[in-house]
**Q** 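One structure coming up, written as structure tokens, with questions to follow.
Per chain, numbering begins at 1; letters A, B, ... match sequence-line order.
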4 protein chains.
Amino acid sequence: MFASQPYHKVRLDDVAATAGVGKGTLYVYFQSKEDLYFTIIFEGVGLLLSRLRAQLANDHTGAMHRLQTIVEELVDFAFQHPQFFELMKSMGLPRGNPHWDAQRDDMFNLIEQTIRNGVESGELRDEHPALTARFIPGLVRSAMLFAPKDLNPTTLKQQITSLLERGLPCGAATKV
Amino acid sequence: MFASQPYHKVRLDDVAATAGVGKGTLYVYFQSKEDLYFTIIFEGVGLLLSRLRAQLANDHTGAMHRLQTIVEELVDFAFQHPQFFELMKSMGLPRGNPHWDAQRDDMFNLIEQTIRNGVESGELRDEHPALTARFIPGLVRSAMLFAPKDLNPTTLKQQITSLLERGLPCGAATKV
Amino acid sequence: MFASQPYHKVRLDDVAATAGVGKGTLYVYFQSKEDLYFTIIFEGVGLLLSRLRAQLANDHTGAMHRLQTIVEELVDFAFQHPQFFELMKSMGLPRGNPHWDAQRDDMFNLIEQTIRNGVESGELRDEHPALTARFIPGLVRSAMLFAPKDLNPTTLKQQITSLLERGLPCGAATKV
Amino acid sequence: MFASQPYHKVRLDDVAATAGVGKGTLYVYFQSKEDLYFTIIFEGVGLLLSRLRAQLANDHTGAMHRLQTIVEELVDFAFQHPQFFELMKSMGLPRGNPHWDAQRDDMFNLIEQTIRNGVESGELRDEHPALTARFIPGLVRSAMLFAPKDLNPTTLKQQITSLLERGLPCGAATKV
DNA sequence: GATGAATGAGTATTCATTCAT
DNA sequence: AATGAATGAATACTCATTCAT
């Protein structure tokens, strides 16, 4: 519901009715409407994070391949939870909530570290891994929110991977 | 004010007070709170769009160079209006305000067309220019919202341009 | 808890927690929150009444002495149950709960009758014993609620007794 | 309305309707329901205080006569505002509100000082003027809340004055 | 045009009460 | 009997909007 309407248009009466519980019951489990909203996002990112970690734990390949794994996981998650990025448009991100900030940084750091490892091993070249780490989820977000509705996961993965692998210029090799 | 708080926490009382006008005066110029909010965003994107168009009108270079111009303009605008992307982070208001949707598509199309031209002329290779067009503002957005506070425009431009030009792998040249 | 907060700020959740029982258990012994509240007051006044009756049953002295006994009992009770008058300060619940009204009148009548006996025997002079009967608990109440915290029972008894015995003017004797 | 029902049963909707204004208008002038309630009491006591002061300003007689003036004013006020003491039953007195505490103390001090002056001049005998000062309004309260409905101001004044002047015992003189 | 006092529809939140266990 | 999770009726309070001045 938060994904299809702005935050302030979502009525807790309707949330309760849709959930099949009483209005008061929501307040047994959540402190406030805001708490409910942030909990949804927090649990979503938590799920994504744990999946990323699980995948990377089994992936002892090179940095580029691990980045592809990350992109795959991000895209799969986005298509399994198509409301997720819409959800965050509703009210934006919580600022200054230490739990949320820590969790978001965890995700960025996971990606950043993967890039750094690749740079150190000489496999990758990246002047600002921290920036690139923030770019990658942003690419998925942009696609999910604004790309044509018929976009499929495979195409999106390829496009992002392609961007990371080759860069746009077809004559890139000659430019170096 | 809309940049630093979610839509529903911005009170028109405060907006009027901050603007130094009476509450009623807002309604002389705007139909409603939503109208005010969308007007702000609409004018912001309108300004950005006109700048992009002005720059590109004078730029008769190749596609890659024009993309760099676009990135430069996006980043400069972002740093000149640091609230802008904060503002857009939660623009999840009514589904498909037609004006806004049209204008946003204008921007995406401007970028997409630049890429398509490059592909047609053989300068660029891109399987999905529409996706890439949506990626580019997303990269700026990600950086503005989540990157370290000491990020400077030059670094950001370089990083995005670099990504578009070369891709991450340092051996990219040999891959062609 | 009812003594330190107004009725509507006392939550049965807290009452149950403080009492160390489950919320539902309260409803085994009381019909409702109001019932609980009135039971507390009713039992309090009932206890006070039975003490007054017990003391007066053993007191076959004159009316003035019996009034002193009443004052002593009221003051002792007030100091033994310092919350009691706080509790009664806001007992403005349903108009005329019959049980409560009857019991309150019992107390007033007990005092009134003591005065009337004294008047009839010629020991006392009082134009309106009913009024005086209502005054006496009011004096204790006023002292308990508003007097300095270091007030002690002996002082209070003396002051009330003195007022009843002599009146304020030091030349009272000559006025008779 | 607060006089005829307990605080928590008074609905602001009804207050607004009775006052002939919109609900929101109440919140233009009062911060909250509690603020509204306390303001009513505060203004009531303020009115009473200013009347007492005005009367005493013109009264350069002896202490006993000034006390009678105070009693007269208290009783007149009580009969002119018969809801006033009922009002305070609704939620009790505000505790710790400095405005209210100061005002209440002002009233007590006004009476107390009158008694002290009488004691110093030798006109009165009172071991604890502070206590007596707190007794006097309490007598009026007791009468207004619990005395027979046909009580009239003159009777009440006489009874209180009589208590203060002579004390109860008709043989008081001989007890000294 | 500008204003801001008045408004009341709309909603988050509370808490006494119930009842299945 | 004792419980406390679930409830929803009840209500304080907010704030976008209006309109007389």
**Q** Please determine, for the side chain of K33(D), which listed nucleotide (dC13(F), dT7(E), dT13(E)) has the closest atom?
**A**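 Closest of the options to the side chain of K33(D): dC13(F).
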**Q** Y27(D) OH to dT11(E) P: how many Å, rounded?
**A**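 In whole Å, dT11(E) P lies 18 Å from Y27(D) OH.
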**Q** D13(D) or L12(B): which one's nearest nucleotide on DNA chain F is closer to the 5' end?
**A**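 Final value for this comparison: D13(D).
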**Q** Atom OH of Y7(C) to atom P of dC15(E): distance rounded to whole Å?
**A**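 Distance, rounded to whole Å: 13 Å.
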**Q** Between Y29(B) and L36(B) (side chain of the first, backbone of the second, donor and acceptor by atom type, cut-off under 3.5 Å), is there such a pair?
**A**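 Answer holds: no.
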**Q** If you count heavy atoms of other groups shown closer than 6.0 angstrom to CD of Q31(C), is the number above 12?
**A**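 Open.
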**Q** Take atom NZ of K9(D) and atom C1' of dA10(F), then tell me their distance rounded to the nearest Å.
**A**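 To the nearest whole Å, that distance equals 13 Å.
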**Q** Answer whether the closest heavy-atom distance between the side chains of L52(C) and F77(C) falls below 4.5 Å.
**A**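 Side chain of L52(C) against side chain of F77(C), heavy atoms only: no contact under 4.5 Å found.
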**Q** Measure from CD on E34(D) to P on dT11(F) and round the result to the nearest Å.
**A**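 Those two atoms, CD and P, are 17 Å apart.
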**Q** What do you reckon, are the aromatic ring centroids of Y7(C) and Y7(D) less than 6.0 Å apart?
**A**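 They do not qualify: ring centres at least 6.0 Å apart.
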**Q** Where each residue is assigned the nucleotide of DNA chain E containing its nearest heavy atom, which of T25(D) and G22(B) is assigned the position nearer the 5′ end?
**A**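 The 5'-side residue here is G22(B).
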**Q** Students often mix this up, so state it plainly: with edges at 30° and 60°, are the rings of W100(A) and F42(A) parallel, tilted or perpendicular?
**A**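 Answer is tilted, since the angle falls between 30° and 60°.
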**Q** May I ask which nucleotide in the shown strands pairs with dA16(F), Watson-Crick or G-U wobble, both distances under 3.5 Å?
**A**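 Check on dA16(F): paired to dT7(E), both distances under 3.5 Å.
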**Q** Report which part of the nucleic acid V15(D) touches: base, sugar-phosphate, or nothing (heavy-atom distance under 4.0 Å, all strands).
**A**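 The residue V15(D) makes no contact with any strand.
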**Q** Between V10(C) and V21(D), which residue's closest nucleotide on DNA chain E lies nearer the 5′ terminus?
**A**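 Going by which nucleotide is closer to the 5' end, it is V21(D).
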**Q** Quickly work out the L26(D) CG to dA6(E) C1' distance and round it to whole Å.
**A**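 Rounding to the nearest Å, CG of L26(D) and C1' of dA6(E) are 11 Å apart.
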**Q** Any strand is fair game: report the nucleotide pairing with dT21(F) by Watson-Crick or G-U wobble, both distances under 3.5 Å, or none.
**A**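 Across any shown strand, dT21(F) pairs with dA2(E).
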**Q** Can you measure D14(D) atom CG to dA12(F) atom C1' for me and round it to whole angstrom units?
**A**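 Answer to the nearest Å: 13 Å.
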**Q** DNA chain F: G24(C) or Q31(D), which has the more 5' nearest nucleotide?
**A**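 Counting from the 5' end, the first nearest nucleotide belongs to G24(C).
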**Q** How is Y29(C) classified with respect to the nucleic acid when contacts are heavy atoms under 4.0 Å: base, sugar-phosphate, or nothing?
**A**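 Sugar-phosphate, no base atom in range.
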**Q** Check whether any side-chain N or O of K23(A) sits under 4.0 Å from OP1 or OP2 of dG8(F), and answer yes or no.
**A**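 Looking at the OP1 and OP2 atoms of dG8(F), neither is under 4.0 Å from any side-chain N or O of K23(A).
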**Q** R11(A) CZ to dA9(E) C1': how many Å, rounded?
**A**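 Taking CZ of R11(A) and C1' of dA9(E), I get 12 Å after rounding.
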